[in-house]
Protein chains: 2
Amino acid sequence: MEQRIDRIKKQLHSQSYKLTPQREATVRVLLENEKDHLSAEDVYLLVKEKAPEIGLATVYRTLELLNELEVVDKINFGDGVSRYDLRKEGADHFHHHLVCIECGSVDEIQEDLLGEVEKIVENDWRFKIKDHRLTFHGICYRCHEKQDTGEESGSEVKEMN
Amino acid sequence: MEQRIDRIKKQLHSQSYKLTPQREATVRVLLENEKDHLSAEDVYLLVKEKAPEIGLATVYRTLELLNELEVVDKINFGDGVSRYDLRKEGADHFHHHLVCIECGSVDEIQEDLLGEVEKIVENDWRFKIKDHRLTFHGICYRCHEKQDTGEESGSEVKEMN
DNA sequence: GTAGGTGCAAAGCCTTTGCAGCAGG
DNA sequence: CCTGCTGCAAAGGCTTTGCACCTAC
């Protein structure tokens, strides 16, 4: 974790940005919640616990900056808010999402499932792929199990991570 | 075109909605611009040419309704606006997008490229897929040709529809 | 006459921006 | 000082909602 912060710090410095306390707090929140897909508001609330004086605008500005530096990906599941997802270091961004329409959970698939598909697209459509977004909507295994055991579904779920 | 409108009309009636003149004008705009990915505002401006008195709110409400009826898909390319894409009739929604980061064009791939991938997801993650979104970001063949001046254009590009 | 649909304007949300103050070189 | 960064509040942009009127059965 410290190493990662250090690397992000260097990355910032290399483009003459600073790792201010607010930025560091924001990055830490992202690292600590790496599995989640936090909205700016979510990040804000979590950062406030560490740095109560921070403003929402700063969080937005920091997230925007991290997005430009390709430290995070800004993603959108169609629910009206942007979410921010830490990139795996070094990896040419390759991860997909499973969004449960029952409980709203979002799981990640790190594995690259699109190798073949990308070859087809690049050849048949002569399209030079730089990035992709793949999201499946459906029912996650947890909700599946709930239904199979006759349990009530849905209304109480909070966090699935 | 008339047949399609007729079917949409029946679909509306079957759920006791009406195909009002405003709704019909909106649907016609969508049919006439099937290849595009219009925003609500785009649709509004086009509909206004046929039915100048229509309000933006009605367009939003109509698009929302058509989305619920699965006549259109509401999609989002991360540029801050929702876009509306007519579904191919009968098809279990399967189409993907190629978004050019150079010129902003959006091409569609109707072909289902995810058959194998979906099997893997359903088996390995026990996730029951209901829908998916697949978008590639990169450089389209048109921009490619523009850049590589004097390139031999050997292979044919596949039909986009 | 009842229910659904419409236009307009207002309100809602998420996000961005303007600005004065602040911090570190 | 100068530059970059911050917090606050205001403004923006897209979308939804409230409401009175209208229209079709």
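- One interatomic measurement links the two molecules: CD of A:Gln22 to C1' of D:dG4, which rounds to 12 Å at whole-angstrom precision.
- A donor-acceptor contact closer than 3.5 angstrom is absent between the side chains of A:His95 and A:Asp112.
- Atom C1' of nucleotide D:dC5 and atom NE2 of A:His13 are separated by 13 Å, given to the nearest angstrom.
- Of all nucleotides listed (C:dG7, D:dT6, C:dC14), C:dC14 comes nearest to the side chain of A:Val81.
- A close approach under 4.0 Å does occur between a side-chain nitrogen or oxygen of B:Tyr60 and OP1 or OP2 of D:dT15.
- Take the nearest nucleotide of DNA chain D for A:Pro21 and for B:Ser39: the residue whose nucleotide is more 5' is A:Pro21.
- The CZ-P distance, from B:Arg83 to D:dG13, rounds to 16 Å in whole Å.
- When each of A:Asp42, A:Asn76, A:Leu63, A:Val72 is checked for a side chain to side chain contact (heavy atoms under 4.5 Å, CB included) with A:Arg83, only A:Asp42 meets the rule.
- Distance from the side chain of A:Lys18 is smallest to D:dG4 among C:dG5, D:dG4, C:dT15.
- Between the CD1 atom of B:Ile54 and the P atom of D:dC22 there is a distance of 18 Å, given to the nearest Å.
- The side chain of A:Thr20 lies closest to D:dT6 when the candidates are C:dT16, D:dT15, D:dT6.
- Between the CG atom of A:Leu19 and the C1' atom of C:dG25 there is a distance of 17 Å, given to the nearest Å.
- Checked against D:dT15, C:dC14, D:dC5, the side chain of A:Tyr17 finds its nearest nucleotide in D:dC5.
- Atom-to-atom distance recorded for A:Glu49:CD and A:Ile54:CD1 is 12.5 Å, nearest 0.5 angstrom.
- Taking the side chain of B:Ala57 as heavy atoms from C-beta on, and the options D:dG4, D:dT17, D:dT15, the nearest nucleotide is D:dT17.
- Here C:dA9 presents its C1' atom at 18 Å from CD of B:Glu53, a figure rounded to the nearest Å.
- A:Glu108 and A:Gln110 are linked by a side-chain donor-acceptor pair at a separation below 3.5 angstrom, with hydrogens and angles left out of the test.
- With hydrogens and angles ignored, no donor-acceptor pair under 3.5 angstrom links the side chain of B:Arg61 to the base of C:dG4.
- Mapped onto DNA chain C by nearest heavy atom, B:Ser16 and B:Ala51 fall at different nucleotides, with B:Ser16 at the one closer to the 5' end.
- Going from atom CD of A:Glu64 over to atom P of C:dT17 covers 9 Å, rounded to whole Å.
- B:Glu41 comes within contact range of no nucleotide atom at all, as no heavy-atom separation falls under 4.0 Å.
- The distance between atom CG of A:Leu65 and atom C1' of C:dT15, rounded to the nearest whole Å, is 16 Å.
- Ring centers of B:Phe77 and B:His97: under 6.0 Å apart, within the cut-off.
- A:Ser82 comes within 4.0 angstrom of the backbone, heavy atoms only, and of no base.
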